[in-house]
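Read the structure below first, then the notes.
The figures here come from the full heavy-atom set of this structure, side chains too, leaving out hydrogens, waters and symmetry mates. Keep in mind it's a predicted model, so treat the numbers as computed, not measured.
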Amino acid sequence: MCGIIGMVAHSPVNQAIYDGLTVLQHRGQDAAGIITCEGERLHLRKNNGLVRDVFHTRHMMRLHGNMGIGHVRYPTAGCESSAEAQPFYVNSPYGISLAHNGNLTNTDKLKQELFQEDLRQINTNSDSEILLNVFAHELQRNATVTMNIEDVFTAVAGVHRRCRGAYAAVTMITGYGVVAFRDPYGIRPLVYGKRETETGTDYMMASESVALDVLGYELIRDVAPGEAVFITLDGDIHTRQCANDPAMMPCLFEFVYLARPDSIIDDVSVYKARLRMGDKLAEKLLRIRPDHDIDVVIPIPDTSRTSALQLANTLGIKYREGFIKNRYIGRTFIMPGQQQRKKSVRQKLNAIDLEFQGKNVLLVDDSIVRGTTSSQIIDMAREAGANKVYFASAAPPVRYPNVYGIDMPTSSELIAHDRTEEEICKEIGADWLLFQELDDLIDAVKRGSESIAGFDASVFTGEYITGDIDNSYLNNLQSARNDAAKNERRESENEVIDLHNTA
C-alpha cells in the first residue's frame, strides 16, 4: 500500500505536499518522494525512509514550482531499493511523472508489450514504472507539439484497456497539469478537493480525505472508478469516465485497518464504519456467549480502538487502555523475518499490569494476519496477571494473500490459512476466540454509502474481483513475497551501489 498526493496551486506546493505526505505516512514508511514542476523544469527528491528523514531543508529549497506530486511507499512485489522510490519519470512525451498506489496483476505481459511493441525499457521491478510507461505510450499515440485535453482522457482509456489489477495514480504532465485516475473497480482510494485563496482556486488529490482536511482543502468527492480528473496548470478542472463498465468495489481491508479513522472513503466515514464493526461484534458475542464472564475490554492499539470502545459500550463492560504503544516501531505484519517480528512486538507494546491483574480480559484487534503479534500479546496479558484472556477480531479470518497492493504474507504464512477457528485459537493461546462475520463486516461498511456495489474481500474469501488471478499467479506471488525471498533480495540490494539518488 502507498499514499499519493497531487497539487496544482497558485503558490509553491513543496511544503504543502510534504505536510500532506506526513499525514499519509501510515500508508507507507519505506520510501518517500516529491517532484515539482517549475515552468518546463522538474525538481525531484526521493529516497528510502520516512518523510521527515528524506526531506531536509536543502532539499525543500530546491523543490520549486506551483505544481507537483508526492508519494510514500510500502513495497509489495518489488524490492526495497531506493531506485524504486516514487515518483517515476519518463521524458517522452512531454515529460510525465507518476505516483501510484496499488498493484498491477498483469505486469509480465505488460512488460513484454512495452519492450517488444512500444519500444520502451523498464529499469526496475516496480509495476508503477510499468503503469507510467503504459500511460506515456498511450498519450504518445496521438501526440503533437501541443497536447490537448482529449488526448489525456484517451490515454487513460488506453490504460484501462491494457492494465489489470488495482491502481490509483496521480500523473504530472510537465507544463500542462496533473491527472488523477482510478482503476475501473476503485480498489484503492483517491479523492480530490479545492481551497480558495486570494490568488485563485488551488486543487489537491490524495489517497485519503484526511490529507485534504489538514491542509484546509474542501473535499469535492472521490475520483470515481474508471474516472480521470485533469487539472490544468491554469486551474481548470476536467473530468471524464474512461472505463467501459466501472463498478465501485473498494478494498474492504482499507476500512478495517489501512485507512485513518478520520478519513472518508467512497462516502463512508471510516470511523463510523469501525463503530458499526464494534456493534456487530458485540451482537455476535452475545449470541454465542450470552453467559460470558468478561471483566474488561482492552484494545490492541491503535486501529482497533474504535471498534473495541463500541463493543464495550454495547456489552456494558468496562473499557480500559491496557497497552502503551511505542510509536516509532513499524507495522509488524509487513516486517520481514519472523524473528524480527517477534522482537518488534515486545518493543512496540508494553502492558499496564494493573488493568490485567486477576481479570478476565477481552482483547480486541482489527484483524489477525500472521498471528505472531496476537500470540505474543496474549502472552503479555497473562504475564501481566490476567486470569483469562479472550480475543476478538473486528474482521473475519484472513486466509488468502492480497494481490492489489498490500504486502500481506503468502498463504502459508497466514495463521488462518487451512485452519479452523478453533485451531487458530489454540495456536495463538487464547481461552476463546471471536471473529467478525463477513456479512456483518460488509454491512458495517456498506451502510455508509449507496454508491458501493460490492467489495474486494479477497483476503477473506479468496475471490479476486478482477477475474485474472489463478493458482499459477498465486504460486509466483508466494515465491516473490515469502520471507526467504525478501531476505535474499535485501542482501543483494545491499551490494549494489545506488546511482539514482545523489541529491
Nearest 0.5 Å please: distance from the CZ atom of F181 over to the OG1 atom of T171. 5.5 Å

Quick one: NE2 on H137 to OG on S92, what's the gap to the nearest 0.5 Å? 10.5 Å

Measure the spacing between CZ of R188 and CD1 of I4 and express it to the nearest 0.5 Å. 11.5 Å

Would D234 and T232 count as having a side-chain donor-acceptor pair, cut-off 3.5 Å? no

Can you tell me if E129 uses its side chain to pair, donor with acceptor, with the backbone of N123 under 3.5 Å? yes

Any donor-acceptor pair under 3.5 Å from S304 side chain to I300 backbone: yes

Any chance you could lay out the salt bridge (Lys or Arg N to Asp or Glu O under 4.0 Å) test for E227 and R221, step after step, and finish with the verdict? CA-CA 12 Å; E227 184 182 31; R221 61 178 175 86; 2.7 Å; yes

Indicate, with yes or no, if the rings of Y167 and H160 have centres closer together than 6.0 Å. yes

Results of ring pair (Phe, Tyr, Trp, His ring centres under 6.0 Å) for Y89 - residues two or more places apart only: none

Under the side-chain hydrogen bond (donor to acceptor under 3.5 Å, both in side chains) definition, can you give me all pairs with a residue in residues 173-185, not counting sequence neighbours? R182-D266

Minimum heavy-atom separation for L275 and T306, please, with both atom names. CD2-CG2, 3.6 Å

Those residues at least two apart in sequence (or on a different chain) that pass ring pair (Phe, Tyr, Trp, His ring centres under 6.0 Å) with H56 are H59

Just how far is it from atom CZ of R447 to atom CG of D443, taken to the nearest 0.5 Å? 4.5 Å

Set out, in order, the CA-CA distance, both residues' side-chain angles and the distance that settles side chain to side chain donor-acceptor pair (under 3.5 Å) for S126 and E84, then state yes or no. CA-CA 6 Å; S126 173; E84 295 198 2; 4.8 Å; no

Backbone N or O of V369 within a donor-acceptor pair of the S367 side chain at under 3.5 Å? no

Just by modelled atom types, is the K446 backbone N or O under 3.5 Å from a matching donor or acceptor in the S449 side chain? no

Rounded distance [0.5 Å steps], CE in M248 versus CZ in F455: 10.0 Å

Treating E208 as the side-chain partner and R260 as the backbone partner, does any N or O pair qualify as donor plus acceptor under 3.5 Å? yes

Point-to-point distance, once rounded to the nearest 0.5 Å, from CG of D366 to OG of S307: 8.0 Å

